[in-house]
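Take a look at the structure set out below.
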Amino acid sequence: MISRRNMLGTGLALTATAATNAPAWAQNFPSKPIRWIAPFAAGGNYDLTSRLVGEGMSRSLGQQVIVDNRPGAGGLVGAEAAANAPADGYTVVMGSFSVLFVSPYLAGKPSLVPMFAPISLLSTVPMILVGKPGGRFADIRAVLAEAKARPGTVSIGHAGNGTTNHIAILRLEVNEGVKFNIIPYKGSGPGLADLMAGQIDLYMDQLTTSLPHIKSGKLMGMLAMSPGRVAQLPDVPSLTDIGSKPFDGGTTAGVLARVETPQPILATLNGAVVAALKDPAIAAKLGELGAVPRPSTMEEFAAYMKDQEAGVSALVKSGLLKPE
């Protein structure tokens, strides 16, 4: 069972306290560039989304939003960097429940959820299992047949232990009664490079980063990790199509700041993020990459995190997720 049961409530309580003690300098926010930490390598879903939304925020805030890639440990390296930054709104981090709770949990560390205040959800991206055209497997049925016949011989990469990519692989293993050779990377960029070089058989990825490679013919979609097919790839089978127990393995992430950040600053950041996501050009670019924009209030983001806590708690209780 997940410990620290009141982690979200604690964070929101601290946010309320910060609101009543906002310093005078908060009224002039922002007066310098903002650092946006993307806790995965360049070229992946987090990186691309961070840069698109950051550009839109820069225009509305009148200050540059600089993306700082801090990959490693399923997002934990970047999240810890943000947790150790001053609570002044000049450092934000793109994250999810997986980054803030699951990755620390797997590393035997305390949850980082209480360290952060939710600003806004950003986007939801479908998850897809991809392979290399002309590679070892022609389709997902061949993959599962091999994994059942010879456990541990099918290699699947993902963006880091504790990520939604990782969790999707674990859930597929359980549903199909198979065992994969699961290989963590520091983000989708290096993982997809190894896949295209023939170093691994498959990669579990967000549609955002794989779709351009699929369109160019460098990759092929094997399985949509969702109950139904993905609109951008109507020929790729879903979990339901292959007779597997369906679940939604997509990635939903948001942007957060240190929980002690004054409420007026959080409100300013929320307004900038929401405006960026509602910008037709940015929304269209995210859509082209397979992402669905999710502008939200801070309260809606907090409610989403609470829902995620319940889902991950079940995985922890079952033993699928445990400290390494």
Side-chain angles (χ1 to χ4, degrees), residues 1-22 26 29 34 36-39 45-46 49-50 53 57 74-76 78-80 82-83 85 87-105 109-125 162-164 167 248 250-278 291-316:
M1 180 182 296
I2 291 181
S3 59
R4 301 171 291 274
R5 296 302 304 167
N6 293 322
M7 54 191 171
L8 289 175
T10 300
L12 292 175
L14 286 173
T15 302
T17 300
T20 61
N21 298 310
F29 179 87
I34 295 169
W36 176 308
I37 295 179
N45 167 52
Y46 270 56
T49 301
S50 297
V53 177
M57 290 176 66
L76 181 56
E80 287 182 334
D88 56 9
Y90 288 101
T91 298
V92 299
V93 62
M94 183 173 175
S96 64
F97 191 77
S98 290
V99 168
L100 299 182
F101 178 83
V102 179
S103 293
Y105 176 77
K109 296 185 176 183
S111 170
L112 290 177
V113 173
M115 297 289 293
F116 292 99
I119 294 172
S120 173
L121 288 167
L122 292 169
S123 64
T124 294
V125 182
T163 58
T164 49
I167 292 172
D248 186 0
T251 296
T252 297
V255 62
L256 310 100
R258 276 276 302 276
V259 72
E260 304 91 347
T261 304
Q263 184 69 17
I265 290 178
L266 294 174
T268 297
L269 290 169
N270 172 268
V273 173
V274 169
L277 290 170
K278 290 183 176 180
V292 179
R294 293 280 300 275
S296 76
T297 64
M298 291 179 276
E299 292 76 16
E300 287 168 342
F301 188 4
Y304 171 80
M305 292 284 277
K306 196 68 177 177
D307 288 341
Q308 290 297 295
E309 179 185 354
V312 172
S313 179
L315 293 176
V316 171

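One is the number of the first residue; the rest follow in order along the sequence.
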Does any part of the side chain of [Y], heavy atoms only, come nearer than 4.5 Å to the side chain of [X], both counted from C-beta?
X    : Y    : result
Y90  : I34  : yes
V273 : V92  : no
E309 : K306 : yes
W36  : V53  : yes
L121 : L277 : no
E300 : Y304 : no
Y46  : P39  : yes

Whether [X] side chain and [Y] backbone form a donor-acceptor pair below 3.5 Å:
X    : Y    : result
D88  : P262 : no
R258 : F116 : no
S120 : S296 : yes

Spacing of [X] atom [atom1] and [Y] atom [atom2] [to the nearest 0.5 Å]:
X    : Y    : atom1 : atom2 : value
M115 : E260 : CE    : CD    : 6.0 Å
M298 : N270 : CE    : CG    : 5.0 Å
T251 : L122 : OG1   : CG    : 12.5 Å
T164 : D248 : OG1   : CG    : 10.0 Å
N45  : M94  : CG    : CE    : 5.5 Å
T252 : F97  : OG1   : CZ    : 14.0 Å

For [X] versus [Y], what's the shortest heavy-atom pair and its separation?
X    : Y    : value
P293 : A291 : CD-O, 3.7 Å
I119 : F301 : N-CD2, 3.8 Å
I37  : G78  : CG2-O, 3.7 Å
P295 : V274 : CB-CG1, 4.0 Å
T261 : G89  : CG2-N, 3.8 Å
V259 : P114 : CG1-O, 3.6 Å

Next on the checklist: Using the rule given for side chain to side chain contact (heavy atoms under 4.5 Å, CB included), can you reason through L269 versus V255, listing the C-alpha separation, both sets of side-chain angles and the distance that settles it, and then say yes or no?
Outcome noted: CA-CA 9 Å; L269 290 169; V255 62; over 6 Å; no
Item to check | V99 vs V93, side chain to side chain contact (heavy atoms under 4.5 Å, CB included): CA-CA, chis, key distance, verdict | outcome: CA-CA 10 Å; V99 168; V93 62; over 6 Å; no
